[in-house]
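Below you'll find the structure, written out as structure tokens, and then a few comments.
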Amino acid sequence: MAMRAATLAAATAVKGAAPNGLRALLFSTSRFPFSPPPTQTEKPPPAEPSNNLFVSGLSKRTTTDGLREAFAKFGDVVDARVVTDRVSGYSKGFGFVRYATIEDAEKGRVGMDGQFLDGWVIFAEYARPRPPPPSPQSSVQNGPNGTPMQWRT
DNA sequence: AGTGAGCGA
């Protein structure tokens, strides 16, 4: 019991001896001494502007032609495709629209973002740069000692 | 299945 009383006394002593510096840090100034993460619920920036648009929220029935015709009202569409599954051939619900210039892409993006297409609200934003396709020269891979590896004996 | 956020033969 003596130990517990001593501990309590020590605790109260520590509590009573709480430094004024801490309270000054907590209540004095306008900012807390902790790190400021006030914006954790921020959405990441979509992408850098380009002439290529990523269109999501498409209906399953929306085809490449429908996508091009819908976006052609805001500029010259160079390439438009709805991403379809290779084996089933059905739409995956998103596609890409490439305009001739970036200004047309900007107009098409702000003009078609949030609009209805075949009964679905679509979202148009700038597409991310695509990974470059493998060139035939880079397909030759060498082994650890420099000798080219053999495939499919 | 015609699934519902996402980034393509």
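Since we're looking at a predicted model, the values are computed, not measured. Throughout, a chain's letter reflects where its sequence line sits, starting with A, and its residues are numbered from 1.
Applying the salt bridge (charged side-chain N to carboxylate O under 4.0 Å, His left out) criterion to A/Arg68, with sequence neighbours excluded, gives A/Asp65.
Sparse packing is recorded around CG of A/Asp76, with 12 or fewer heavy atoms of other residues, nucleotides or ligands lying under 6.0 Å away.
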Whether each nucleotide of nucleotides 2-9 of chain B has a protein heavy atom under 4.0 Å at its base (B), only at its sugar-phosphate (S) or at neither (-) is summarised, 5' to 3', as BSBBBBBB
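With a 4.5 Å cut-off on side-chain heavy atoms, A/Phe54 and A/Tyr126 do not count as touching. Within the 4.5 Å cutoff, side-chain heavy atoms of A/Phe116 are placed close to those of A/Val121.
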What do the steps show when you test A/Leu67 against A/Val77 for side chain to side chain contact (heavy atoms under 4.5 Å, CB included), and what is the final call?
-> CA-CA 10 Å; A/Leu67 190 67; A/Val77 176; over 6 Å; no
